[in-house]
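Below is one structure; the comments refer to it alone.
Worth knowing before you read on, the calculation uses all heavy atoms, side chains too, and leaves out hydrogens, waters and symmetry mates.
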Amino acid sequence: MTIDKTVATAAEAVADIPDGASLAVGGFGLSGNPIQLIEALLDQGASGLSVASNNCGVDGWGLGVLLAAHRIAKMTSSYVGENKEFARQYLEGELELELVPQGTLAEKMRAGGAGIPAFYTRSGVGTQVADGGIPMAYDGSGGVAKESPPKEVRPFTVHDGRHLEFVLEESIVTDFSLVHAVRGDRHGNLVFNKAARQFSPDAAMAGRVCIAQVEELVEPGEIDPDAVHLPGVFVHRIVEVGPEIEKPIEKRTVRSDEKE
């Protein structure tokens, strides 16, 4: 790792991602999708990818472009709506899916980046998340080819003296991570914008090699240390994509004119 982590293009940044790689990808809905890196990876051609991300974009945007090209073999996600192609591939046995509660998914990535191999949580206790049996893959004929396995559940005494059950969740560490930030410096320190901050720092931490696209690249020292959302120690490559990139949203809602 060098001090100056900048690379010239998104294509250069993702050039060494191989077939079968695992990726953690930032974004919440379409907020903060690292679309330039995703499109560069599409052009690069890597396939058989295992991706951990809150969702899989939508048809034609975000991770949806990799999905449509059949580059993704497995998704680990919390929310899989808004994407008809995702539903088709999953139900027809073309895509494996591991469903994870949203907060648990964020913590699995954060913990992985922090060197914590597993943790106990209340989320999912008493459901198929803990007991197993969630369809992970279909056989293409309507039958279930693979189910989620049961997880370890054990009791703990909590602060008020109650004895409650908790489920053991293994952390996520991936080969690479792809994230979008509004600002970054050459040392890799990143600042995220609003909802784009939801999963992006955690996804960035989970990758053994973190690749960040930023709208604005500044010199070291130009970002107030107190404003840094993710320290550069977690970032290995950074590429500037400019502020004029397209930023769609899933469902645009507007208020009618109050005078009407």
- [ ] Look at the aromatic rings of Phe192 and His229 and report parallel, tilted or perpendicular, splitting at 30° and 60°.
- [x] parallel

Do the side chains of [X] and [Y] get close enough for a salt bridge, i.e. N-O under 4.0 angstrom?
X: Glu170; Y: Lys151; answer: no
X: Lys84; Y: Asp59; answer: no
X: Lys5; Y: Asp185; answer: no
X: Glu240; Y: Arg186; answer: no
X: Glu98; Y: Lys74; answer: yes

- [ ] Would you sort out whether Tyr90 and Val80 count as a side-chain contact (heavy atoms from CB on, under 4.5 Å), showing the intermediate values?
- [x] CA-CA 10 Å; Tyr90 172 52; Val80 296; over 6 Å; no

Any donor-acceptor N/O pair, [X] side chain to [Y] backbone, under 3.5 Å:
X: Asn193; Y: Val182; result: no
X: Glu222; Y: Glu219; result: yes
X: Thr9; Y: Glu12; result: yes
X: Arg183; Y: Glu215; result: no
X: Asn189; Y: Gly232; result: yes
X: Ser177; Y: Ala204; result: yes
X: Asn83; Y: Gly64; result: no
X: Ser200; Y: Ala196; result: yes

Task: Polar contact flag, side-chain donor to acceptor under 3.5 angstrom, His180-Gln36 - done: no

TODO: State whether a side-chain donor-acceptor pair under 3.5 Å links Asn54 with Gln102.
DONE: yes

Any side-chain heavy-atom pair from [X] and [Y] closer than 4.5 angstrom?
X: Leu37; Y: Val239; answer: yes
X: Ile116; Y: Arg110; answer: yes
X: Ile238; Y: Val214; answer: yes
X: Pro34; Y: Val25; answer: yes
X: Ser22; Y: Phe176; answer: no
X: Leu67; Y: Phe86; answer: yes
X: Gln44; Y: Ile17; answer: yes
X: Val100; Y: Ser77; answer: no

- [ ] To the nearest 0.5 Å, tell me how far Leu105 CG sits from Thr76 OG1.
- [x] 7.5 Å

- [ ] List the steps, then state whether salt bridge (Lys or Arg N to Asp or Glu O under 4.0 Å) holds for Arg237 with Asp16.
- [x] CA-CA 12 Å; Arg237 303 170 193 167; Asp16 61 343; 2.7 Å; yes

Open item on the list: Is it the case that over 12 heavy atoms from other parts of the model lie below 6.0 angstrom from the CG atom of Asp160?
Closed with: yes

Task: CZ (Arg154) with more than 12 external heavy atoms under 6.0 Å - done: yes

Task: Step-by-step side-chain contact (heavy atoms from CB on, under 4.5 Å) determination, Arg162 to Thr157 - done: CA-CA 6 Å; Arg162 290 182 298 161; Thr157 302; over 6 Å; no

Are [Y] and [X] connected in a single hydrophobic cluster, I mean Ile/Leu/Val/Met/Phe/Trp/Tyr linked by side-chain heavy atoms less than 4.5 Å apart?
X: Leu91; Y: Leu99; result: yes
X: Ile38; Y: Met75; result: yes
X: Val14; Y: Leu42; result: yes

- [ ] Sort and list the pairs that fulfil side-chain hydrogen bond (donor to acceptor under 3.5 Å, both in side chains) and have at least one residue in residues 123-150, not counting sequence neighbours.
- [x] Glu96-Lys146

- [ ] Check step by step if salt bridge (Lys or Arg N to Asp or Glu O under 4.0 Å) holds for Arg88 and Glu94.
- [x] CA-CA 8 Å; Arg88 187 199 66 77; Glu94 300 173 12; 2.9 Å; yes

Task: Verdict with supporting geometry, Leu168 and Val153, side-chain contact (heavy atoms from CB on, under 4.5 Å) - done: CA-CA 6 Å; Leu168 182 67; Val153 176; over 6 Å; no

Task: Leu23/Asp175 under side-chain contact (heavy atoms from CB on, under 4.5 Å): CA gap, chis, key distance, verdict - done: CA-CA 6 Å; Leu23 308 175; Asp175 300 320; 5.9 Å; no

